[in-house]
There are 2 protein chains.
Amino acid sequence: MFAELGYERTTIRAVASAAGIDAGLVMHYFGTKDELFSRAAKLPADELPSGTAEQVAEALLTSLARRLDSEPVASLAVLRSMLTNADAADRYRAAGAPQLSQLTAAIPTHDAELRASLLSAIVHGVIIERYLLRLSRLADASPDQIIDLLRPCFRTLATAQTPPSTDQLSTDG
Amino acid sequence: MFAELGYERTTIRAVASAAGIDAGLVMHYFGTKDELFSRAAKLPADELPSGTAEQVAEALLTSLARRLDSEPVASLAVLRSMLTNADAADRYRAAGAPQLSQLTAAIPTHDAELRASLLSAIVHGVIIERYLLRLSRLADASPDQIIDLLRPCFRTLATAQTPPSTDQLSTDG
DNA sequence: CGCTTCTGTCAACGACCGTAGAATGAGCAG
DNA sequence: CTGCTCATTCTACGGTCGTTGACAGAAGCG
């Protein structure tokens, strides 16, 4: 229910009723709505193998593919709630931190941290639109199709390569 | 307040008190909390010029740069609320639709719609992390720095080019 | 059997919510 | 002055929320 409705709109009474029990019983076992959320909502800390930037980018893609195939409901609960619940936001930051530093370590540029943050933003943007907003194109596409399209992005972001030169665009400053 | 707290946690009473007036007065002028939100929250429908895929990608980057410089609070209200409020979600979809179809039209591949959706997901992922979650690296970076890093991504997604060949990664299945 | 512990229900409290409507008062036309 | 309109406040209703604590039965144990 946290994944479906977010923190505020999920009520203890509704949780209890969905479980066929009394609201008091939920309180008895979890003590607090925050604690209930805390136990229901977990973001997986996917470990990235250390290696070259290309390898880490590919690993991130693989991790994304798995999540695009079936993101755990507990993660969706955090994602759904992170914009309106401080605890969920902290959880999101905390779960992203290790992956972020692993990414940063693998990227060989001075702006590695920013590049890593962008990669993380892309991953979560895609997941949010697929699962939470259910934008049709992203919700229907196969994980493989998505990560194949994202692969060049991830490569260039992780390795600091520039894509093949195209016709020069003249843009004013 | 909608941008800061989201729909549910923003109360009419708090809005009124912040304005130094009575809650009844807010009701008198807006009728309903939904109507108040409806009038406060607008997503700008940035028009993209029609043109080649490269040009449209560059225009999307320019639009992103402007939003990274100062995203209007009314947009943040929608973004903050879209995961927990159906109206905000609709608003998000509606505002994205024209840009999405403009992007789709400019991309010369059969999977144009998916590519356009990914571009949109990236844009919103970055904005969310910068403004709503305030991830430090993304919040501190200059818009130019961010769009310079994203440019190759946008190019390859919009033009279907593959980035320069790198050492072959052996990945199974 | 009695006693404790666990599982579970029930009713209620206090807080806060969106909302409604009556009351107040100022400004202005005649 | 009277009367009307509008801005604004006040009070309150009905509802929902998280949470509490009293209570009832079932289960295990001496």
Side-chain angles (χ1 to χ4, degrees), chain A residues 1-43 72-95 128 131-133, chain B residues 1-43 72-95 132-133:
Chain A
M1 296 189 65
F2 285 125
E4 199 67 28
L5 305 173
Y7 183 84
E8 352 275 342
R9 299 174 71 100
T10 299
T11 75
I12 301 258
R13 282 173 169 86
V15 168
S17 145
I21 58 174
D22 185 88
L25 194 55
V26 177
M27 295 301 297
H28 183 254
Y29 278 103
F30 295 93
T32 276
K33 182 180 178 180
D34 281 303
E35 176 66 16
L36 173 64
F37 177 80
S38 173
R39 298 234 221 140
K42 299 282 176 204
L43 271 183
V73 191
S75 307
L76 294 179
V78 177
L79 293 174
R80 173 86 71 182
S81 305
M82 70 183 176
L83 297 184
T84 47
N85 181 265
D87 184 61
D90 286 345
R91 215 170 278 264
Y92 174 85
R93 275 184 276 265
I128 286 175
Y131 281 108
L132 268 19
L133 296 169
Chain B
M1 295 189 67
F2 285 126
E4 198 68 29
L5 304 172
Y7 183 85
E8 353 274 342
R9 299 175 71 100
T10 298
T11 74
I12 302 257
R13 282 172 168 87
V15 168
S17 144
I21 58 174
D22 184 86
L25 194 54
V26 177
M27 294 301 296
H28 183 254
Y29 278 103
F30 295 92
T32 275
K33 181 180 178 180
D34 281 304
E35 176 65 18
L36 173 64
F37 178 79
S38 172
R39 297 234 222 139
K42 298 279 176 208
L43 270 183
V73 191
S75 308
L76 294 179
V78 176
L79 293 174
R80 174 85 73 182
S81 305
M82 68 182 177
L83 296 185
T84 47
N85 182 264
D87 184 62
D90 287 345
R91 214 169 277 264
Y92 174 85
R93 275 184 278 264
L132 268 18
L133 296 169

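To find a chain, count down the sequence lines: A is the first, B the second, and so on, and within it residues start at 1. Values below: every heavy atom of this structure, side chains too, minus hydrogens, waters and symmetry copies.
Under the 4.5 Å side-chain criterion, counting only non-hydrogen atoms from C-beta, A:Leu5 is in contact with A:Met1. At a threshold of 4.5 Å between non-hydrogen side-chain atoms, the residues A:Thr84 and B:Leu83 do not count as touching.
Comparing the end axes of the helix from C:dC1-D:dG30 to C:dG30-D:dC1, each fitted to five base pairs by superposing C1' atoms of four pairs onto the next four, gives an inter-axis angle of 20° (nearest 10 degrees).
Annotation: side chain to side chain donor-acceptor pair (under 3.5 Å) contacts of A:Asp87 (sequence neighbours excluded): A:Arg91. Every residue meeting the ring-ring contact (aromatic ring centres under 6.0 Å, His included) condition with B:Tyr7, not counting sequence neighbours, appears here in chain and number order: B:Phe2, B:Phe37.
The OG atom of B:Ser75 sits 5.0 Å away from the CG atom of B:Leu43 when rounded to the nearest 0.5 Å. The CG atom of A:Leu79 lies 11.0 Å from the OH atom of A:Tyr131; values are rounded to the nearest 0.5 Å. From A:Thr32, atom OG1 reaches atom CZ of A:Arg39 across 11.0 Å, with rounding to the nearest 0.5 Å. The structure places CG of A:Asn85 at 15.0 Å from OH of A:Tyr92, a figure rounded to the nearest 0.5 Å. Between atom CE of residue B:Met82 and atom CG of residue A:Leu133 there is a gap of 5.0 Å, rounded to the nearest 0.5 Å.
To the nearest angstrom, C1' of C:dG21 lies 13 Å from CG of B:Asp22. Going from atom CG of A:Leu25 over to atom C1' of C:dA11 covers 16 Å, rounded to whole Å.
Taking 4.0 Å as the cutoff to heavy atoms of chain A, we find the contact window on DNA chain D bounded by D:dC17 to D:dT20.
Legend: side-chain hydrogen bond (donor to acceptor under 3.5 Å, both in side chains) pairs involving residues 9-20 of chain B, not counting sequence neighbours, sorted by first then second residue: A:Glu8-B:Arg9.
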Pairs under 3.5 Å (N/O, protein and nucleotides 16-19 of chain C):
residue: C:dG18; atom: OP1; partner: B:Lys33; partner atom: NZ; Å: 3.0
residue: C:dG18; atom: OP2; partner: B:Ile12; partner atom: N; Å: 3.1
residue: C:dG18; atom: N7; partner: B:Arg13; partner atom: NH1; Å: 2.6
residue: C:dG18; atom: O6; partner: B:Arg13; partner atom: NH2; Å: 3.0
residue: C:dT19; atom: OP2; partner: B:Lys33; partner atom: N; Å: 2.8

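Counting any heavy atom pair closer than 4.0 Å across all strands shown, A:Phe30 reaches no nucleic acid atom.
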